[in-house]
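Written out below as structure tokens is the structure these notes cover.
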Number of protein chains: 2
Amino acid sequence: MKTREPSGPPGAAARNRRAAADDASGFPRPLLERLALYYQIATSEGEEGQDAISSAFLAELIGIDATLVRKDMAAAGITGRPKVGYAIAEVLARLDSVLGLTDRNDAILIGCGDLGSAIARYAGFGRYGLKIAAVFDVDPTKIGRSVGGHVVLPMEKCKSFIEIFRIQIAILAAPANGAQETADWLVRKGVKAIWNFAPVHLRVPDDVAVRNENLALGLAQLIHMFKVKRGNLQVPVPAPDAAQTEPELGAKRTG
Amino acid sequence: MKTREPSGPPGAAARNRRAAADDASGFPRPLLERLALYYQIATSEGEEGQDAISSAFLAELIGIDATLVRKDMAAAGITGRPKVGYAIAEVLARLDSVLGLTDRNDAILIGCGDLGSAIARYAGFGRYGLKIAAVFDVDPTKIGRSVGGHVVLPMEKCKSFIEIFRIQIAILAAPANGAQETADWLVRKGVKAIWNFAPVHLRVPDDVAVRNENLALGLAQLIHMFKVKRGNLQVPVPAPDAAQTEPELGAKRTG
DNA sequence: GAGCAGTCGTGATATTTTTCACGACACATT
DNA sequence: AATGTGTCGTGAAAAATATCACGACTGCTC
Ligand SMILES: NC(=O)c1ccc[n+]([C@@H]2O[C@H](COP(=O)([O-])OP(=O)(O)OC[C@H]3O[C@@H](n4cnc5c(N)ncnc54)[C@H](O)[C@@H]3O)[C@@H](O)[C@H]2O)c1
Ligand SMILES: NC(=O)c1ccc[n+]([C@@H]2O[C@H](COP(=O)([O-])OP(=O)(O)OC[C@H]3O[C@@H](n4cnc5c(N)ncnc54)[C@H](O)[C@@H]3O)[C@@H](O)[C@H]2O)c1
């Protein structure tokens with residue numbers, strides 16, 4: 001399946017000033033990532049009394065080029081003022097809209113273990129419109145307990161809850177084992193967005209949004225960076241034909 | 001005002017322009033991300049008895065092109081066999097080395113609140129070489145408690161612990177307020193890699209690796225995807241001159 | 001009001017990342 | 001052993017992404 005529609009206008013080589021904002025498939029991921037970062041920084045700067053932020057400031061803070069920040073702002077429809085920068089109020093308002101944080105999004109939390117409890121108790125996602133409407137678990141010893149103001153409900157009640165409250169967003173904090181099945185079930189029940197914390201790459205239909213928040217991958221990246229900076233990591237594999245040491249770990253096919 | 005000084009060595013400002021960026025002669029970030037994903041999938045497939053995996057299988061699972069998988073494998077120095085695929089043993093061994101997971105990495109955990117406790121109890125990071133050597137907190141009521149087999153220690157003991165055990169990796173699960181200061185302090189004490197869960201973008205010197213595991217940004221992205229797929233997100237901002245609704249939050253210049 | 005300094009806006013350019021096309025090789029079957 | 005099918009390997013093309021260079025505009029100072 002290709003999520004890429006080959007609808008490329010052949011004559012549109014010249015860049016039109018309308019940016020690529022009206023692309024129905026949303027913004028490219030890297031841009032989106034930076035946009036959310038701008039939102040966060042703008043929020044924190046605003047709380048410190050700032051009225052505006054410059055592209056150079058953002059760029060320096062994040063470690064990217066200032067031009068890129070300006071392009072991003074343009075893509076989001078944010079207009080800055082020379083000599084001043086971007087008005088924080090406008091940045092927040094615009095990104096609120098662009099990121100879709102304007103209205104509240106009710107979600108259910110599946111799995112109330114260590115991580116699920118932390119999420120249930122965390123208030124920081126409220127700013128992004130997330131409202132945990134209910135918490136579910138299969139463990140009888142956890143059902144009925146109150147976690148972060150939510151009473152843990154049995155999974156048996158999940159189906160009707162989704163249907164009655166038209167829940168479309170689910171946070172999946174259950175074990176990896178069975179995560180895909182749970183996700184499939186949620187999708188069948190009508191869930192359209194899944195925030196997955198289990199260390200598996202969930203597969204969902206095309207009309208469902210999924211974000212695999214795979215912390216282990218982040219850790220792997222950090223360790224890689226760490227080793228590279230330390231210098232004791234021999235990454236390069238320049239020899240293209242070198243049929244060097246075969247891993248003698250066994251488990252190879254019976255030849 | 002760009003007076004946001006990273007409170008580090010005074011002359012380092014010019015040098016750490018790319019500090020927050022990640023690629024330091026290592027692999028580009030997207031590639032690295034996929035590599036870690038292959039590692040995870042290969043692990044799980046291996047546990048199910050598979051001997052080899054094909055590029056097509058990985059591509060289909062992740063939702064990318066099979067050619068890209070093969071390029072990635074080549075970049076990591078992994079050689080496959082036609083008609084068979086990539087030997088899982090080789091994939092794991094090679095990625096172990098490439099990602100730097102071969103030897104154990106001792107780390108300290110700073111902040112043992114909801115999220116910190118979940119991390120301390122989680123065993124899943126062990127596969128990536130991470131070993132939590134100690135847990136620290138400032139809250140007197142938490143000190144002395146046992147969390148995931150670790151006794152929570154007071155921050156006062158953190159300095160000597162880092163020095164004695166030559167700790168180079170820190171997991172930061174303390175509140176955002178003061179996270180940067182804590183990070184600066186850790187860096188001064190010799191920490192070379194920080195896994196940051198506070199919702200701020202940490203600034204560190206060039207020789208320190210940092211991964212900002214900003215969950216809120218992930219949430220923002222999920223919500224954006226969700227809204228776009230639902231169709232009720234009007235992103236485009238074509239009107240270039242239309243002085244439409246100015247944010248009435250003040251902060252506008254008087255003409 | 002004129003000049004200066006700082007910042008945005010954007011077309012052109014460079015770099016990186018991904019896809020396409022096709023040849024080569026390995027295993028299975030007859 | 002010959003044939004057939006499925007998979008890897010890789011150079012070239014395409015697309016996406018980031019940077020450069022420079023013009024335009026704003027606010028400040030004098
Ligand atoms: N704790 C962490 O720091 C951490 C870090 C990264 C990833 N994760 C992942 O997050 C998930 C949860 O981690 P955790 O540490 O909270 O585990 P946990 O074992 O503490 O909690 C899992 C909870 O899910 C419940 N559960 C099991 N099957 C369920 C089902 N089918 N439906 C609903 N609930 C179900 C269990 O009863 C339990 O309460 C796991 O997939 C884990 O790999 C956790
Ligand atoms: N809980 C979540 O689901 C979640 C999600 C995303 C991000 N976060 C972020 O993770 C961090 C921790 O979240 P939490 O929910 O565990 O918060 P928490 O308040 O439950 O825990 C924070 C802990 O850090 C300790 N602490 C405070 N200052 C410290 C310092 N200077 N040094 C060492 N320890 C210190 C506190 O005593 C407390 O135990 C926060 O920055 C939060 O924004 C949490």
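First the proteins, then the strands, lettered A, B, ... as listed; each starts at 1.
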At under 4.0 Å, does any side-chain N or O of [X] touch on OP1 or OP2 of [N]?
{"X": "S55(A)", "N": "dC8(C)", "result": "yes"}
{"X": "R34(A)", "N": "dA18(D)", "result": "yes"}
{"X": "R70(A)", "N": "dG11(C)", "result": "no"}
{"X": "Y86(B)", "N": "dA26(C)", "result": "no"}

Send over the distance from [X] [atom1] to [N] [atom2], rounded to a whole Å.
{"X": "L31(B)", "N": "dT15(C)", "atom1": "CG", "atom2": "P", "answer": "20 Å"}
{"X": "D65(A)", "N": "dG9(C)", "atom1": "CG", "atom2": "C1'", "answer": "14 Å"}
{"X": "D72(B)", "N": "dT10(D)", "atom1": "CG", "atom2": "P", "answer": "14 Å"}
{"X": "K83(B)", "N": "dC27(C)", "atom1": "NZ", "atom2": "C1'", "answer": "6 Å"}
{"X": "K71(B)", "N": "dT16(C)", "atom1": "NZ", "atom2": "P", "answer": "15 Å"}
{"X": "R81(A)", "N": "dC28(D)", "atom1": "CZ", "atom2": "P", "answer": "12 Å"}
{"X": "M73(B)", "N": "dT18(C)", "atom1": "CE", "atom2": "P", "answer": "15 Å"}
{"X": "L58(A)", "N": "dT7(C)", "atom1": "CG", "atom2": "P", "answer": "12 Å"}

Using a heavy-atom cut-off of 4.0 Å across all strands, would you classify T67(B) as base, sugar-phosphate, or nothing?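 Base contact.
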Is a side-chain N or O of [X] found less than 3.5 angstrom from the main chain of [Y], in a donor-acceptor match?
{"X": "Q221(A)", "Y": "L32(B)", "answer": "no"}
{"X": "D207(B)", "Y": "K229(A)", "answer": "no"}
{"X": "R127(A)", "Y": "Q40(A)", "answer": "no"}

5'-most contact on DNA chain C: R29(A) or A66(A), nearest heavy atom basis?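 This one resolves to A66(A).
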Is a salt bridge present between K71(B) and D65(B), judged by a nitrogen-to-oxygen distance below 4.0 Å?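 So K71(B) does not pair with D65(B) through a salt bridge.
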Between D96(A) and Y39(A), is any side-chain donor less than 3.5 angstrom from a side-chain acceptor?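 Per modelled atom types, D96(A) and Y39(A) side chains form a pair under 3.5 Å.
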P82(A) side chain, from C-beta outward: closest of dG9(D), dT17(D), dG6(C):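 So the side chain of P82(A) is nearest to dG6(C).
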Can you figure out which of dT17(C), dT7(D), dT18(C) approaches the side chain of L68(B) most closely?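 Shortest atom-to-atom distance from the side chain points to dT18(C).
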Taking for each residue the nucleotide of DNA chain D with the nearest heavy atom, is it V84(A) or P30(A) whose nucleotide lies nearer the 5' end?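 Looking at DNA chain D, the more 5' nearest nucleotide goes with P30(A).
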